[in-house]
Amino acid sequence: MIRFAREEDLEGILEIYNDAILNTTAVYAYKPHTLENRKQWFLKKKQEGYPIIVYDDSSIAGFATYGPFRAWPAYKYTIEHSVYVHKDYRNKGVGKLLVQEIIRLANKQNYATLVAGIDSTNVASIKLHEGLGFTFAGTIRKAGFKFGKWLDLSFYQKELVGPKMPTEE
Ligand SMILES: CC(C)(COP(=O)(O)OP(=O)(O)OC[C@H]1O[C@@H](n2cnc3c(N)ncnc32)[C@H](O)[C@@H]1OP(=O)(O)O)[C@@H](O)C(=O)NCCC(=O)NCCS
């Protein structure tokens, strides 16, 4: 089942995230994160009102979250999300359920645009997002460098319901 993350989920989340850091180009990071780092991340998301959700199947099978796309105020209706599924649970529909819930929550919070930054070689994530109605918005070539190679980052976006009366406050 999908539910909001709790502090006791952080070890499971960390395991999934560190596996992605060490073995994939899904995260543009080199070194594994620590539990302390995940605790800071969890508290910051909570303070700023951004959800972290998990797929709980007795253990943490996957998680997803969103946060600001860019820091300047006029980006306030745009968010960028991320989704990670444990390697033993991939290709079983978990990622799709998590992103569907992210879309639902983002609509509830009146965001207008949801962005996914996906490494251009990440076929699974591209398929997942296209299947949920995300459209290709462009590629930043040589956006990263990892495992001895340049990495191209492709952006996908989904239009959300958005606010009835957007403001500039
Ligand atoms: C990308 C990721 C989140 C996808 O989650 P998942 O649970 O494995 O995906 P799902 O089972 O929900 O599949 C969703 C769709 O993608 C397709 N898909 C999944 N894995 C695929 C693969 N390796 N190749 C091609 N298509 C794939 C499925 O067939 C499905 O399509 P459908 O809806 O038409 O049936 C997961 O593979 C993962 O965590 N990878 C490592 C971290 C990562 O890349 N995160 C995303 C960063 S942008």
Side-chain angles (χ1 to χ4, degrees), residues 1-5 9-35 37-38 41-42 44-45 50-70 75 78-107 111-160:
M1 66 156 187
I2 291 181
R3 58 166 174 78
F4 286 110
D9 301 325
L10 291 177
E11 275 183 49
I13 287 174
L14 180 69
E15 186 192 328
I16 295 171
Y17 197 54
N18 280 344
D19 178 66
I21 291 176
L22 292 172
N23 300 305
T24 78
T25 52
V27 195
Y28 286 13
Y30 298 122
K31 292 185 184 154
H33 283 198
T34 61
L35 191 56
N37 172 282
R38 286 297 90 183
W41 168 80
F42 179 81
K44 193 161 185 275
K45 292 272 182 191
Y50 296 116
I52 304 173
I53 55 171
V54 296
Y55 188 104
D56 181 350
D57 183 44
S58 307
S59 64
I60 302 302
F63 71 94
T65 186
Y66 56 73
F69 172 59
R70 302 192 83 189
Y75 288 109
T78 301
I79 44 169
E80 182 168 359
H81 71 286
S82 52
V83 55
Y84 298 91
V85 174
H86 191 284
K87 60 180 173 3
D88 298 342
Y89 280 90
R90 288 187 195 148
N91 221 346
K92 295 179 198 292
V94 171
K96 189 172 182 176
L97 287 172
L98 284 166
V99 178
Q100 280 172 333
E101 180 63 6
I102 285 292
I103 293 168
R104 195 186 70 79
L105 292 169
N107 271 320
Y111 289 108
T113 304
L114 182 58
V115 174
I118 308 177
D119 183 76
S120 62
T121 64
N122 192 344
V123 177
S125 187
I126 291 170
K127 289 277 174 223
L128 162 65
H129 286 90
E130 282 180 342
L132 291 173
F134 285 75
T135 54
F136 177 68
T139 296
I140 309 295
R141 285 192 295 278
K142 286 193 174 179
F145 185 81
K146 189 174 177 183
F147 301 142
K149 282 186 188 151
W150 291 108
L151 305 178
D152 297 344
L153 184 68
S154 293
F155 284 102
Y156 285 76
Q157 70 173 86
K158 184 171 173 75
E159 194 176 328
L160 303 173

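Everything numeric here is computed off the predicted structure, so don't read it as measured data. Read the numbers this way: they start at 1 and go in the same order the structure lists the ligands and their atoms. Below, all heavy atoms of this structure are taken into account, side chains as well, without hydrogens, waters or symmetry copies.
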Backbone N/O of G67 and side chain of H81: donor-acceptor pair under 3.5 Å: no
Per-atom contacts of ligand 1 with K96, taking only distances under 4.0 Å to non-hydrogen atoms: 12 (O), 33 (O)
From the candidates H129, H86, K127, the one that places a heavy atom nearest atom 17 (C) of ligand 1: K127
For G93, atoms of ligand 1 separated by under 4.0 Å from a heavy atom: 10 (P), 11 (O), 12 (O)
Aromatic ring proximity, centroids under 6.0 angstrom, Y55 and Y89: no
Heavy-atom nearest option to atom 23 (N) of ligand 1, drawn from G131, S154, A124: A124
Option set Y84, Y17, Y89, criterion heavy-atom distance to atom 42 (C) of ligand 1, minimum: Y84
Ligand-side contact atoms (ligand 1) for residue partner K92, heavy atom cut-off under 4.0 Å: 11 (O)
Pair R90 + D19, salt bridge at N-O below 4.0 Å: yes
K96 side chain vs L132 backbone, donor-acceptor pair below 3.5 Å: no
Aromatic ring pairing H129/F134, orientation class (parallel under 30°, perpendicular over 60°, tilted between): perpendicular
Backbone of V27 reached by a side-chain donor or acceptor of D119 within 3.5 Å: no
Option of least heavy-atom distance to atom 47 (C) of ligand 1 (set: I118, V27, I16, V83): V83
Sequence-distant partners of T78, side chain to side chain donor-acceptor pair (under 3.5 Å), two or more places apart: none
Within-cut-off N or O pair, S125 and ligand 1, under 3.5 Å: no
A64, G62, A26, G95: member with heavy atom nearest to atom 7 (O) of ligand 1: G95
Contact bool for atom 35 (O) of ligand 1 (protein heavy atom, d < 4.0 Å): no
Ligand 1 versus L128: contacting region, heavy-atom distance under 4.0 Å: both
Within-cut-off N or O pair, V85 and ligand 1, under 3.5 Å: yes
Salt bridge (charged side-chain N to carboxylate O under 4.0 Å, His left out) contacts touching residues 56-68 (sequence neighbours left out): R3-D56
Top protein contact for atom 44 (O) of ligand 1, by heavy-atom distance: N122 ND2, 2.7 Å
Atom CD of E11 with >12 non-hydrogen neighbours under 6.0 angstrom: no
Distance-only N or O hit between ligand 1 and V123, under 3.5 Å: no
E159, CD atom: more than 12 neighbouring heavy atoms under 6.0 Å: no
Option passing side chain to side chain contact (heavy atoms under 4.5 Å, CB included) with K158 (candidates V115, I103, I102, V99): I103
Of the listed options R90, E130, H81, closest to atom 40 (N) of ligand 1 (non-hydrogen atoms): R90
Protein non-hydrogen atom below 4.0 angstrom of atom 31 (O) of ligand 1 present: no
N91 touching ligand 1 at heavy-atom level, < 4.0 angstrom: yes
